[in-house]
Asks: 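One structure is given below, represented as structure tokens, and several questions about it will come after.
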Number of protein chains: 2
Amino acid sequence: MVSLTPRAERLLKALIEQYIADGQPVGSRTLVKQAGLEFSPATVRNIMSDLEELGLIRSPHTSAGRVPTERGYRFFVNTLLAAKPLHSIDLAHIEDRFQSEQDPQQLLESASGLLSQITKLAGIVRVPRRTYAEFRQLDFLGFSADRVLVILVTHDGQVLNKVIHPKRPYSPAELQEAANVFNSAYAGRTLEEVRQSLLVALERDSEDMQKMLRSAVEMAHQVFTGDQAQEPPLFVTGESNLFAFPELSNTDRLKRLFDAFTAKQDLLHLLDQSMASQGVQIFIGAESGYDALEACSVVTAPYEVDGHIVGTVGVVGPTRMSYDRVISIVDVTARLLSGALSHGGSGSRDPAPA
Amino acid sequence: MVSLTPRAERLLKALIEQYIADGQPVGSRTLVKQAGLEFSPATVRNIMSDLEELGLIRSPHTSAGRVPTERGYRFFVNTLLAAKPLHSIDLAHIEDRFQSEQDPQQLLESASGLLSQITKLAGIVRVPRRTYAEFRQLDFLGFSADRVLVILVTHDGQVLNKVIHPKRPYSPAELQEAANVFNSAYAGRTLEEVRQSLLVALERDSEDMQKMLRSAVEMAHQVFTGDQAQEPPLFVTGESNLFAFPELSNTDRLKRLFDAFTAKQDLLHLLDQSMASQGVQIFIGAESGYDALEACSVVTAPYEVDGHIVGTVGVVGPTRMSYDRVISIVDVTARLLSGALSHGGSGSRDPAPA
DNA sequence: CCTGGCACTCTCACTGTGTGAGTGCTAAGA
DNA sequence: TCTTAGCACTCACACAGTGAGAGTGCCAGG
């Protein structure tokens with residue numbers, strides 16, 4: 001990374017803060033006045049010239065002021081930024097909301113909503129993969145000769161359901177029996193483990209399985225394979241906040257951005273990426289690697305359930321955002337969410353039958 | 001309604017069609033050329049003048065051509081429009097998609113997706129109110145001393161679930177027993193009926209109820225009251241198609257429109273309104289009564305399950321849309337959806353346990 | 001090394017101008 | 001009485017020119 005003189009750093013910091021505040025290219029004189037610098041505009045111009053050579057700032061045109069480049073933002077975020085403690089009102093707001101929410105899914109959706117409300121940007125939340133959830137039980141409900149509703153419940157109270165079409169009709173008693181056998185065989189393992197065993201079980205010769213279990217396995221397998229598509233793995237909230245930013249108001253850019261929000265594919269990859277490491281991560285402009293996020297930055301932080309990272313919360317906004325504010329909001333939200341999901345709130349722990 | 005000379009009608013029709021086709025105000029000369037009229041531009045101007053007096057068309061400014069007013073569109077739609085038969089490729093496309101889809105919820109989402117794909121506008125689908133669904137069964141699953149997962153299944157295979165917090169701990173056996181009692185008491189009635197009975201039952205002195213049923217009622221009541229918020233009552237797809245229309249490209253207008261898509265409140269009212277009557281309904285511009293839909297038209301058609309109207313499909317786009325095309329697409333989609341939901345597809349009918 | 005001064009550049013807002021599209025009106029023709 | 005050709009008129013739009021303002025780069029002196 002480039003190293004700058006303390007003065008240049010101070011200048012760059014002031015410039016970026018000023019630009020973030022009002023979105024106008026900032027000139028030497030304004031900068032001296034606004035930041036209360038003790039040297040003259042001319043000196044500032046010299047330093048700016050250096051910064052421009054380093055690729056940290058640039059001039060939209062000759063007689064405009066300077067604007068940070070993505071590289072400039074990156075430097076700013078890496079070395080100049082002092083995380084700003086969160087306003088206590090916001091903090092209380094988040095805590096309140098998490099306290100009153102029960103259902104883990106709703107908790108996640110709330111988190112996304114809160115992020116977008118507080119930051120006035122778009123909030124995103126990566127829902128935990130169900131693969132790692134623990135299987136609890138499964139029920140088969142016959143609806144007609146060829147339609148059976150399968151309901152799958154995980155240890156943490158998530159419910160999946162799917163209508164499947166068995167090869168032959170089953171009586172209610174048979175279905176009940178099949179569920180019982182299946183449940184005692186698989187309860188307590190993760191969904192992924194169950195899925196794997198099902199695959200193996202199906203490949204093996206059916207002789208060595210009880211007839212009932214075989215049916216159960218076949219039907220359950222249908223649920224497990226259809227799994228992914230079933231529910232949104234990602235919450236996006238407050239997209240329309242982004243209309244407020246002139247730098248994004250280009251219709252074409254907006255369309256691509258909104259398409260990305262709908263398709264979710266790219267965002268998902270990005271969030272999965274950021275699950276790999278602890279703490280807040282920031283993708284500035286092209287760093288995300290997705291065209292749709294061209295003039296945008298994404299700030300993310302993973303959240304945990306009982307000490308394991310299971311998902312990510314984050315915020316999407318224009319590169320010109322108050323990183324200090326946003327970073328602490330995202331950070332705190334991730335922490336509080338982890339807390340709410342882990343202990344009392346709901347989300348896990350032994351289902352002691354009282 | 002105003003009545004016009006046949007010539008004026010012909011002219012108005014040609015003008016609106018021309019305007020829908022390319023979005024430019026249309027002048028007398030272009031109109032003569034494009035529509036192959038056998039009278040001169042001057043005559044056209046005279047007629048246009050009449051139409052303008054009647055409020056059917058207007059001039060954005062002195063030297064521009066004419067543009068239809070909302071009233072003009074309304075007249076056009078009411079009396080000049082010949083419904084255009086649907087392109088057979090589109091028809092096949094819809095049928096295919098409905099055929100391959102099983103789950104009623106997914107079927108509805110598909111319908112919305114199809115509408116937006118084919119019309120290149122935003123598709124909306126009003127999901128049936130669950131209130132009229134028939135109650136089938138309910139299960140209580142204890143997760144911890146103070147958390148019980150309630151799973152409710154309707155006759156048509158929908159699954160609702162909610163975590164509730166009972167007043168005292170229950171053993172698994174108690175929960176099982178409570179569910180049994182509850183199910184035999186209420187199976188086969190509509191959710192609304194069940195909700196009503198629950199209210200009554202709770203008000204009555206608890207003495208005359210079995211202890212078990214009382215608990216079941218209290219817990220079930222929690223599920224029934226939390227019902228509405230649980231799932232989206234409305235699917236919206238392809239919103240980003242609307243970016244393509246210059247008449248909507250005003251950022252402020254777009255924001256309001258997208259907020260309406262997110263809040264869903266207004267759209268819901270509109271769709272509920274259109275459930276009252278059979279067949280395609282069209283709301284042009286201000287007719288919808290919602291500011292957010294200012295320069296937009298909404299085309300809707302109710303769909304049925306077993307002869308009863310239960311929801312609405314529709315399309316939102318700029319007032320300048322190909323009404324003939326859109327109307328038939330919406331109409332056909334509603335019909336095919338009704339079919340898919342009613343017979344084989346899924347959606348209803350006796351759950352013969354085979 | 002800093003700074004004041006100065007010439008220079010470029011955007012932006014404003015103004016004026018010409019052109020093209022389209023209108024309304026009038027008077028002549030069917 | 002209805003239609004049409006002709007004509008004067010209006011207006012948006014694109015284009016060029018202008019002046020002000022903001023900001024820069026560079027140079028020479030402290």
Asks: Sequence neighbours excluded, which residues qualify as salt bridge (Lys or Arg N to Asp or Glu O under 4.0 Å) partners of B/K120?
Replies: none

Asks: Restricting both atoms to N or O, compile the protein contacts to nucleotides 4-8 of chain D shorter than 3.5 Å, with distance only.
Replies:
{"from": "D/dT4", "atom 1": "OP2", "to": "B/S40", "atom 2": "N", "distance (Å)": "3.2"}
{"from": "D/dT4", "atom 1": "OP2", "to": "B/T43", "atom 2": "OG1", "distance (Å)": "2.6"}

Asks: Please list, chain by chain and in numerical order, all residues satisfying side-chain hydrogen bond (donor to acceptor under 3.5 Å, both in side chains) with A/T300, sequence neighbours excluded.
Replies: A/S274

Asks: Could you tell me which residues satisfy side chain to side chain contact (heavy atoms under 4.5 Å, CB included) with A/E38, sequence neighbours excluded, listed by chain and number?
Replies: A/R10

Asks: Between A/F243 and A/F258, does the ring centre distance come in under 6.0 Å?
Replies: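 So the answer is yes for these two rings.
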
Asks: Using the test side chain to side chain contact (heavy atoms under 4.5 Å, CB included), find all partners of B/A42 that sit at least two apart in sequence or belong to another chain.
Replies: B/S40, B/R45

Asks: Distance-only criterion, 3.5 Å: show the donor-acceptor pairs between side-chain atoms of residues 111-118 of chain A and protein atoms not counting sequence neighbours.
Replies:
{"from": "A/S112", "atom 1": "OG", "to": "A/G123", "atom 2": "O", "distance (Å)": "3.1"}
{"from": "A/S112", "atom 1": "OG", "to": "A/T237", "atom 2": "OG1", "distance (Å)": "2.1"}
{"from": "A/S116", "atom 1": "OG", "to": "A/G113", "atom 2": "O", "distance (Å)": "2.9"}

Asks: For A/N46, what residues pass the side chain to side chain contact (heavy atoms under 4.5 Å, CB included) criterion, not counting sequence neighbours?
Replies: none

Asks: If the condition is ring-ring contact (aromatic ring centres under 6.0 Å, His included), which residues does B/Y19 pass it with, not counting sequence neighbours?
Replies: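 Result, ring-ring contact (aromatic ring centres under 6.0 Å, His included) vs B/Y19: none returned.
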
Asks: Look at all strands and tell whether A/S59 reaches a base, only sugar-phosphate, or nothing, counting heavy atoms closer than 4.0 Å.
Replies: nothing

Asks: Between B/P60 and B/G65, which heavy-atom pair has the shortest distance, and what is it?
Replies: CD-O, 3.4 Å

Asks: List in numerical order all residues of residues 9-29 of chain A for which some heavy atom is under 4.0 Å away from an atom belonging to DNA chain D.
Replies: A/G27, A/S28

Asks: Provide the full list of ring-ring contact (aromatic ring centres under 6.0 Å, His included) pairs with a residue in residues 27-47 of chain B, sequence neighbours left out, each pair given once.
Replies: none

Asks: Atom CD1 of A/I327 and atom CD of A/Q281: how far apart are they, to the nearest 0.5 Å?
Replies: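 Rounded to the nearest 0.5 Å, the CD1-CD separation comes to 11.5 Å.
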
Asks: Under 3.5 Å between N/O atoms: give me all the protein pairs with nucleotides 9-20 of chain D, atom names plus distance.
Replies:
{"from": "D/dC11", "atom 1": "O2", "to": "B/S63", "atom 2": "OG", "distance (Å)": "2.8"}

Asks: Between A/L51 (CG) and D/dT24 (C1'), how many Å, whole number?
Replies: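 In whole Å, D/dT24 C1' lies 15 Å from A/L51 CG.
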
Asks: Is A/R320 salt-bridged to A/E247, cutoff N-O under 4.0 Å?
Replies: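 Yes, A/R320 and A/E247 are salt-bridged.
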
Asks: Separation of A/M48 atom CE from D/dT24 atom C1', in whole Å?
Replies: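 After rounding, the gap between these two atoms is 10 Å.
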
Asks: Check every nucleotide of DNA chain C for an atom under 4.0 Å from a heavy-atom of chain A, then give the first and the last such nucleotide from 5' to 3'.
Replies: C/dC2 to C/dT11

